[in-house]
2 protein chains.
Amino acid sequence: MRIGQLARRSGVSVRALRYYEEQRLLESTRTPGGQRDYPDEALERVQLIQDLFAAGLSSRTVVELLPCVSTGVATPAMLDQLIIERDRIAARIQDLTRAKTKLGRVIENVTAANVAQD
Amino acid sequence: MRIGQLARRSGVSVRALRYYEEQRLLESTRTPGGQRDYPDEALERVQLIQDLFAAGLSSRTVVELLPCVSTGVATPAMLDQLIIERDRIAARIQDLTRAKTKLGRVIENVTAANVAQD
DNA sequence: CCTGAACCTGACGTCAACGTGAGGTACTAG
DNA sequence: CTAGTACCTCACGTTGACGTCAGGTTCAGG
């Protein structure tokens, strides 16, 4: 599969895929002409990368953790890092939940005020 | 209260507080000498700003929503925006929860493998 | 009066994850 | 063989929320 197709299937830009390769998050073989060629598994991989990015991990962290995420094998240091990141995500969820609750209350207030006004 | 004290109390940097003012998120009166002077309520305000930033809102969005967040009065457009942001946060929580679950499974796998190895 | 800490205003630097040309090469259909 | 599209590699631009340095001013204590 070439880069354009992978981009369309995964929903990320061609530029992003090249960036992932630059950051060693994603590999590709090359055609004799020098164009990138991806196996089908690349799609999953890209989606995993996107998930981790969406979770706020940096590409540096992702590149460190990808091996054990895909193979299930990790050094103690990698395990520590995994736990750190999971906890960071959990904390972030707490933050977001608080903010959401706050906004929710504001919405209730505003709605109530508007209804009262009608 | 002067800017240094507000910074220490709120846990944000002096630079950040000046930035908030630049973005019209936070007001201050000035001493005759030109130094910023904050009322006690500024502390709450800063914490609210931080919460909204942490929730991924931009300063532009925050400056639009702050009035109704603090006063409880909103135009229909503001209400729409509030709802949009709340839903965005909810979606983000979903993403993070998925990522957390994924990492959690990886951690389980790794831990199981390591235990088996012992 | 004088010093050291805290403050002031510009204004340029940073960082990540790409976007966006520029200028050239590879692949595919007819 | 020749379009037209997809692809390639630089390499600079973007955005948001500040960090940081320069050069000067204000404030509190002794």
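All chains are named by letter (A, B, ...) in the order of the sequence lines, taking the proteins before the strands, and each is independently numbered beginning at 1.
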Considering only [options], which nucleotide approaches the side chain of [X] most closely?
X	options	result
R15(A)	dC7(D), dC18(C), dA6(C)	dC18(C)
S58(B)	dT9(D), dA17(D), dT9(C)	dA17(D)
S59(A)	dA17(D), dC7(D), dA17(C)	dA17(C)
R18(B)	dC7(C), dC18(C), dC18(D)	dC7(C)

### Query
Could you state the interatomic distance from CZ (R45(B)) to CD1 (I49(B)), rounded to the nearest 0.5 Å?
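Going from the CZ atom of R45(B) to the CD1 atom of I49(B) covers 6.0 Å.
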
#### Entry: Reported OG1-to-CZ distance for the pair T97(A) and R92(A), which is rounded to 0.5 angstrom
10.5 Å

For [X], answer base if it contacts any base atom (sugar-phosphate contacts may also be present), sugar-phosphate if it contacts only those atoms, and nothing otherwise; contact means non-hydrogen atoms under 4.0 Å.
X	value
L57(A)	sugar-phosphate
R36(A)	sugar-phosphate
R30(B)	sugar-phosphate

### Query
Quick check: are there more than 12 heavy atoms from other residues, nucleotides or ligands sitting under 6.0 Å from CD of Q47(B)?
yes

### Query
Does CZ belonging to R30(B) count more than 12 external heavy atoms closer than 6.0 Å?
yes

Rounded to whole angstrom units, what separation is found between the [atom1] atom of [X] and the [atom2] atom of [N]?
X	N	atom1	atom2	result
E21(A)	dC8(D)	CD	C1'	11 Å
M1(A)	dC27(C)	CE	P	18 Å
Q50(B)	dA17(D)	CD	P	11 Å
L17(A)	dA6(D)	CG	C1'	14 Å
L52(B)	dG16(D)	CG	C1'	16 Å
E22(B)	dG10(C)	CD	P	10 Å
R8(A)	dT5(D)	CZ	C1'	11 Å
I3(A)	dC27(C)	CD1	C1'	15 Å

#### Entry: Under 3.5 Å: donor-acceptor pair, side chain of D95(A), backbone of A54(B)
no

### Message
dT26(D), OP1 or OP2 - any side-chain N/O from T31(B) closer than 4.0 Å?
### Response
no

### Message
Side-chain N or O of Y19(B) versus OP1/OP2 of dC18(D): is the shortest distance under 4.0 Å?
### Response
no

### Query
Starting at the 5' end of DNA chain C and moving along, which residue's nearest nucleotide shows up first, R2(B) or Y20(A)?
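So the residue in question is R2(B).
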
### Task
Please tell me which of R60(A) and Q35(A) maps to the more 5' nucleotide of DNA chain C, matching each residue to the nucleotide holding its nearest heavy atom.
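On the 5' side of the pair lies R60(A).
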
### Query
Relative to the 5' end of DNA chain D, which residue comes earlier, V14(B) or Q5(A), by the nucleotide with the nearest heavy atom?
Q5(A)

